[in-house]
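First the structure, in the form of C-alpha cells, and then the observations on it.
Values in this document were obtained by computation on a predicted structure and should not be read as measured data. Numbers restart at 1 for each chain; the letters A, B, ... are given by sequence-line order, proteins then strands. Values below: all heavy atoms of this structure, side chains included; hydrogens, waters and symmetry mates excluded.
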Amino acid sequence: MAAWDLSITVEDLGPDAPPVSLSVMSDLHVGGVILKLVENTPIKRDWSDHALWWEQKQRWLLRTSWTLEKHGIHADARLIFMVQHKALKVGLPNGLTVRLGACFSNPVFQTVMGICTLLNIRHPEELSLLQPVEEKKKKKEKSSTEEILDLTVVPLSTASRTTLSNGIPAHFGGSPELEGIYKALSVPQTSPTPEAIAKQYRPASVVDKAHIHGRWLDSSRCLMQQGIQENDKLWLRFKYFAFHDIEPKYDAVRLTQLYEQARWAILLEDIDCTEEEMMLFGALQYHISKVSQSEPETAKSAAAMDDLESALQCLEVKMESEGGSASDMLNNMTAPELHDYLKIFRPKRLTLKGYKQYWFKFQDTSISYFKSKEESNGEPIQQINLKGCEVAPDVNMAAQKFLIRLLIPVPEGMNEVYLRCENEEQYARWMAACRLASKGTSLADSSFQSEIRGIRSFLAMQNTSSSSHGNAAAASDENINTYSLVSPRYQKKYKTKQLTPRILDAYQNVAQLSLVDAVSRFLQIWQALPDFGLSYVVVRFKGSRKDEVLGIAPNRLIRIDLGVGDVVKTWRYNNMKQWNVNWDIRQVAIEFEGNINVAFSCVTADCKIVHEFIGGYIFMSTRSRHKSDQLDEELFHKLTGGHEAL
Amino acid sequence: MLECDHFPFLEVNIWQTLLTWQHGWMDGLKSSSAPDFKVKVTAASPNMPGNTKNKMTALSSSFYALGVKQGILFWGTAKVTHMDDIDAMFSDLLGEMDLLTQSLEQETASAPSSAPSSAPSSAPSSAPSPAPLPPPWAPSDGERGADRSVNSAELNASLNELEDTDLDALMADLVADLNATEEKLTAQMGGLNAPELPPPAPSSSSGGDSPVSSHSPALPAPPPQSSKPSMEEIEAHIKADKIKVALEKLKEAKVKKLVVKVRVSDGSSKTLMVDERQSVGDVLDNLFEKTHCDCNVDWSLSETNPELQLERTFEDHENLVEPLLAWTRDSENQIHFQESPDKYEVFKNPQKFYLWKKSKKALDDVKDKDKEILIKENFCGTSVMVPDLEGVLHLKEDGKKSWKPRLFQLRASGIYYVPKGKTKSSRDLVCFVQFDNVNVYYGKDFRAKHKAPGDFCFVLKHPQIQKDSQYVKYLCCDDARTMSLWVTGIRVAKYGATLYENFKRAQTKVPHASAWAECIRNQSESRVANGHAPEAPSSFSSSSQEHNLPPAPPPPPLDQALPPPPPPLGQALPPPPPPLGQALPPPPPPLGEDLPPPPPPLSGALPPPPPPLGGALPLPPPPPPLGGALPLPPPPPPPPLSGAVAIPPAPAPPPLPPPTSKFGVPKPPPLLPTKSKPKPVPRQRCSNLPVGAEYLPAPPPPLPSGDDSPPNFLPPPPPGPHLGSGPPPPPVAKTLRPAPSFKSTGLPPPPPAGPGVLPPPPPPPPLPAPTAATIPRRATAGPRGSLKKAPPPPKRTTPSLHGGGGGEGGDFMSELMRAMQKKRDHVN
C-alpha cells in the first residue's frame, strides 16, 4: 500500500501558516493521523479538544478509530485541525448577549444542551438556536458596541446543577463578575425604552413571522455544518411552547427568559392581543420590574402571624397602661378604620348640588358617612358596602383632582358614587381601602400598606409623565414611562395621560403578587391567548395553487388562509397516524385517522424545520413528570432527525 | 303555600324558644353590663299571630333578628349578639387581668417569703393553663368530626320524614346550634377567665392528678394564692394564648348562618342550615345524605330568580351564603337541588366544547383516550385554555327592546365583539364584558318577556343585581347547543382550573356515595313496611312530627348511627334497650319511660330529676332547659354515685325548672370558683381514660366492663347536656340526632350491634372533648353552693355518665321539640 501526502491546516498556527503535510497510508486511522500531526507541530499544548474537520464534505472526522479509507479521504482532501468548542455569541430572550464556549462539532441539539446547562436552564429540549434577524442596517450604528457578558471563562465541564448557599449555581460562584452575570440572567430586565422597542424588528404579517421561523438551525447537524463560525451570533429562544414542569425554585433563569421572550413577543406584536389584555400585560410588566428591582424581601411570609403578634402586643401594652376601654381595643385589633372628611357626589341623582362634604368612616369593607365628625357615633346617613363593587380612579395630578369612582352593585342595578379626596396622601389611603374592600378584604389585611405604596408610586408616575409633557427633562430613573409597557400600536393610539390610568386600573388586580407569581401570571395570560404557541410556515398544499400558512401548535396543525387570515382546518396530533418527508421533492405528507391525507411543500422554511417541529412536539408530549430528569435524546433524534437519523 | 303556612309557626316557636333561652343565657353570662340589644323583627309573615309579635317585642333583651324570606330564615344578627357578649366578656377579662397583674406586682414586691408556698403551685399552674385552653379548642375540632357523623345519622332519620319533620329537625338543629354557640362562648369565657384563675388553675391541676376530693378543698382557696405562684413569662404566655383563643372565637362568632329551603327535583323540599364557611359542595354533601340520591356529579344546587327569569347552577367551590345574602327581602328566588347535566359536561365530553366546529357525528365518535387528552391539554397545563368560541349572538341593547346581532368572541380575558367594518384580528376587538364581577345565568322564556329573537338566552350580570337594569346583559343564541357552548365557555374562562378540581372532587363522591345510597336503599326497603318503625318502636305514638323527638330515645339513634348496615338495624334495635339496662341499670329504665310520655314527663320528670336522666329531659320549658340542662347533668350523676358526694349536687334538679332565674344568681362571683371545679372534672376523665382523644371508642368498652366501668365516663354526663347545648355546635346544629346517636353509641348496646359499620362512633369522640371543656364552665353557672360541692361530681361521673350525660342531651332536645309541638298544636 502506497503512502501519500495528506495536507492538514492547523488552526492554532495562525491563518497564514501553510498546511502541514503528512505522509500517510489509507489504512491509517484518524487517531494516528492526529498523533502524527501533533508530533509535527511546534506548539505544545493540550490537544484533547481538537478534531479534524473535512471542509469540502462539511464533516467532522470524529471517529478516530476509522481509517482514512473508511472515511473516504484521499490526497485531495483538505482537512483542518481545530478545537471543537469555540466561542459563540448567544442572544438571549431578554436581549442580553452572552459569549460562551459552545460545541461546534456535535448536533445542535447537544450544543443547546451544553449552553443551557451552562446558563442553568432546565429542559433544554424546549429551546433551540436560530439565526438572528439582520438588524436594520442604518450603518450609522455608533452605539453598536452592545454589551456582551463573557462566560467563556467558565469551562463547560464544570457546569453543574449544584448550587451555592445563595442560590447561585456553583459554576457562577467564582467571582463577583460571574455572580453579576447570573443575576442579569435570572432577574427580569427593566422595561426597555419606547425607542428601543421601536428599533426592534417587528413582523408585520404572518408571512414575516413565517420567515423568522425559517431561521431555526437544524438540530441534527452541528454548527460548523450550518456555516456558523467562531464568534458568530445566534439567538437562543424557546422553540417548543410546551413548557414542562416549571419549578420556580430551580428555574430562575428559565422562568425569567421565558417571561422575557413572552414580553417581547407582546411588545413587538408577534402575538396579537386585545387592548384589555395589553393593559394587563403592561401592568404586570410594571409590577415585575418594580418588584425585581427592590431587594428580595424574605420576611413577608408570616404576615398573619405578625398581625396577631402585634395585636397581642398592643393589647398588653394597653393593659399595662390601663387606658382605653376593652371595646376600643377590640376595634383596634380586629378592624382598623379610616375616617376623614371627604366629598361625595352621586351622578345618578338629578341634583345640581355637586360634591357635598361629610364625615366618612371606613370600617371593615364598608363606608359610612355622617354629617359631621361629632355625629359619627350616631346612625350614619348612609352605609355602603363595597364588597364586589368596581373601583376606578379618576386622577389628574396637574389639576389636583383625586376622585374615586365607585360602581356599587345593588339589587336594582349599579349605583355610581364618586368620592373626592383632597390630596394625594388621603387619596392613596382611601383608594387602597376601597380596592381591598371591593375584593372583600378589610383594612386589617396586611396588603393594605403595600396597596397604598403601589398607588403612590403610580401617582408619582403620572406626575412625571404629565409634567414631562411640559419639560422633558425630569424623568428620574425610578419612574417608568408607560409607553415602555405597551406595543408601538398603543403608543400611537393613546397619550400617556390616557394610558397611565388604564394600566393603573389593571394594576390593582396584580399589585399584590410576588415576583414569581407575577411572572407566572404573565405567562399564563400569554398562554391563554388564542394564538399562543403557533409557529408559522408558508406552505403550498398539494393540489392547491396558492400559498397558505401552516400554523404549528403544541397540540395541532392549522391551515390558515393567507388572504383572510381565517383558520380553514385544524388537525390534531393525536389523530395523526404518520407523517413522512420526501426529501427528494421536499414534500411533507401527513396521514390522519379517517383516511385524511395531507401533503404540502414548504415555502419559507426548509421542510426539515417543519418535520422537526412536528416531531419535536410529539417528543414533548411523551415527556412525563417522573423521568423528567432523563432526557431521551435518542428518541428526539428519531422523531426529528429525518433521513440523517437513519 | 305550604312553606308559607309552615314558616310562621316555625318562626314563632323559634322566637319563643330563642328568646327565652337567650334570656337565660344572657343572665348566665352576666353580660348584663352590655345590654344594648336590639330586637329587629325583620319579617312579618302575614300568618304570624299578633300575639307572638307582641311577645317578641316584649322580650326586648333578645338580640336575634329573624328575617323570614320565603324559604329562608335570616340568621345574620347572631353575630351581633356574640359581639356584644364578647365585648362584655373582654372587658371583664381585661379588668381581671389588670387585677391580676397588680396583685402579682404587689406580691412579687412585698412577699418574697410567699415564694416558697407558691412554688409548689407554680409548677402546676403552668400545666393548668394549657389545660383550660385545650377545651375550647378541642370542642371545635371535635365538632367537625361530629358533624360528619351527625350527618350520617341524619341520613337515616330523615329517610322517612316528611317535610314537617324536616322542619322540626331543623328547629332542633337551630336550637342545638344556638346551644352550641352558647357553649362555645361559655367555654371561651372560661378560657378567658382562666387567667384570673391562676390560683385555681394550679389547684385544679393537682386535683386532676389526685383524687377529686382532695382537690375540692383547694378550690375555694385558690383565687388569692394563685396569683403568687405565677411566673411572669408563663403568665404572659397564658395571656397570649387566651387572647388567641378569644380572637379565634370572635371570628367564629361572626359566622353567618342561614336556614335555607331547598326544593328537590322530585317536588319535595328540604330545609337546612348553611353557614358562611360552607361551600356549595359541602351543602351538596349534606343533601346527598338527606335525600339518598345517587350522588352523581350532575347533582347541583341552583338558584332561580323569577323576577328576571334566570337560573344559575352554583359551582361547587362557591360559597352558598354569599349569593343568598344578595337576595332582596321580598325575593321570590329559590334554591333547587337537581341534576344539571350541563354542570360538568365539559369534562365528560370535552370534545363538544373544544372541538365544537366538528360535525356532530365526529364528536360522538371521539374516543375516551382523546377526551382525556383534551382535558389534559386544556385543564392540566400551566394555563387553562378556554374554548375558542366565536359566533353571532343577539344582544339586547341597553335599555331598549331591540336585539342586534353581533359577532362575539370568547377569550380567557372576557367576551369581545367585532365592531362593524373591522377585522377579526385581536387588536380590533372591543371588550364586551370581563368576568371578574359577573356571573352567567340561563334565561327562561325571554321571547315573551324581552321579545328575544330566540328561546336560548343567557345573561351576564353582577350577582347582586336582582332586578332588571341596564347593567344586566342579555344575549340570545340560535340554538341550545350554542347556548350551552357559551355558558360553559364563560364558566371555564371565569373559574379556570377550579372547575376541574370541583369535578374531580364530585367524582370522588360518586362511588363511595353510591355504595352508601345502596345501603340506604336496602335499608329503607327493609323498613318500608313500618316506615318509622325503628324509631317508633320505643313507644313513640306521636305523628311524624314527633320523629324528631325519637332521636332522644336510645333505640332510634342506633339506627341512625348504623345507617349502612340495614340488617344490623334490626338486631341493633332490640339490643339497645337491654344493653342500656345492663350498662346503666338505673338510667336505662328511666330513659325508656321518659320517652313514652314525652309531654307529661316534663312536669313529672322534674320531681324525679336526680335519679333518671329523665330529669334533664323534662325540659318543659324548652328554652330554659338549656340553662337548666347544665345544672342537671350533675344531678343525674349524684343518684348513681350514691348520695355521698353527689347528693349535694342533687340540688341541680330543682334548678332546672327555674333555670333562668338561677343563672342570674350564679353570674357574678361564682364564675371563678365554679370554673375551678369544673376543671377538675374534665381532668379526671382524662386520667381515667388514658386515651383522651379516643373518648368515643371508650364508650363501647365500658359496655363489656359493665356498670362499674361506666363510672369513669361519668364526666360525660355533664357533657351530655352540653352536647345538646353547645360545645360541639356543629354536631348539634346538624341535627338532634347527633345527640341521640351519640348517646346510643355511648351506650354499650349500640356499638356492639353494628360495630363494624358503626364508624359513626366518630361523632361521639367530639362530644367528650367538648363536654370536658364545657362542663366545668357550666358547672360554674349553677348555684354557688353546689359549686363547692362540685368537687365530688367527678366521682359520680361514672355512674351518671351513661344515663345522665347522653340521655340528657337527647332528652333535652326531645323536650324542646315536644314543647314546640305543643305550641304548634295550640296555634292550630
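Between K424(B) and D566(A), at least one side-chain nitrogen of the basic residue sits less than 4.0 Å from a carboxylate oxygen of the acidic one, meeting the salt-bridge criterion. Between E593(A) and K367(B) there is a salt bridge, since a side-chain N of the basic residue sits under 4.0 Å from a carboxylate O of the acidic one. Using a cut-off of 4.0 Å between Lys/Arg side-chain N and Asp/Glu carboxylate O, R427(B) and E277(A) are scored as not salt-bridged.
Note that CG of L429(B) and CD of E276(A) are 9.0 Å apart. Values are rounded to the nearest 0.5 Å. Distance CD/Q464(B) to CG/N385(A): 7.5 Å, rounded to 0.5 Å. To the nearest 0.5 angstrom, D436(B) atom CG is 10.5 Å from K439(A) atom NZ.
Chain A forms more heavy-atom pairs under 4.5 Å with one residue of S383(B), S469(B), S413(B), P463(B) than with any other, namely S383(B).
Heavy atoms of L523(A) lying under 4.5 Å from chain B are absent altogether. For a residue to count as touching a neighbouring chain, one of its non-hydrogen atoms must lie under 4.5 Å from one of that chain's; by this rule Q434(B) touches chain A with the side chain only. The part of D468(B) that comes within reach of chain A is its backbone (N, CA, C, O), which places non-hydrogen atoms under 4.5 angstrom from that chain.
Between the side chain of H462(B) and the backbone N or O of G388(A) there is at least one donor-acceptor pair closer than 3.5 Å.
For the residue pair Q524(A) / T382(B), no side-chain donor-acceptor distance below 3.5 Å is found, with atom types taken as modelled.
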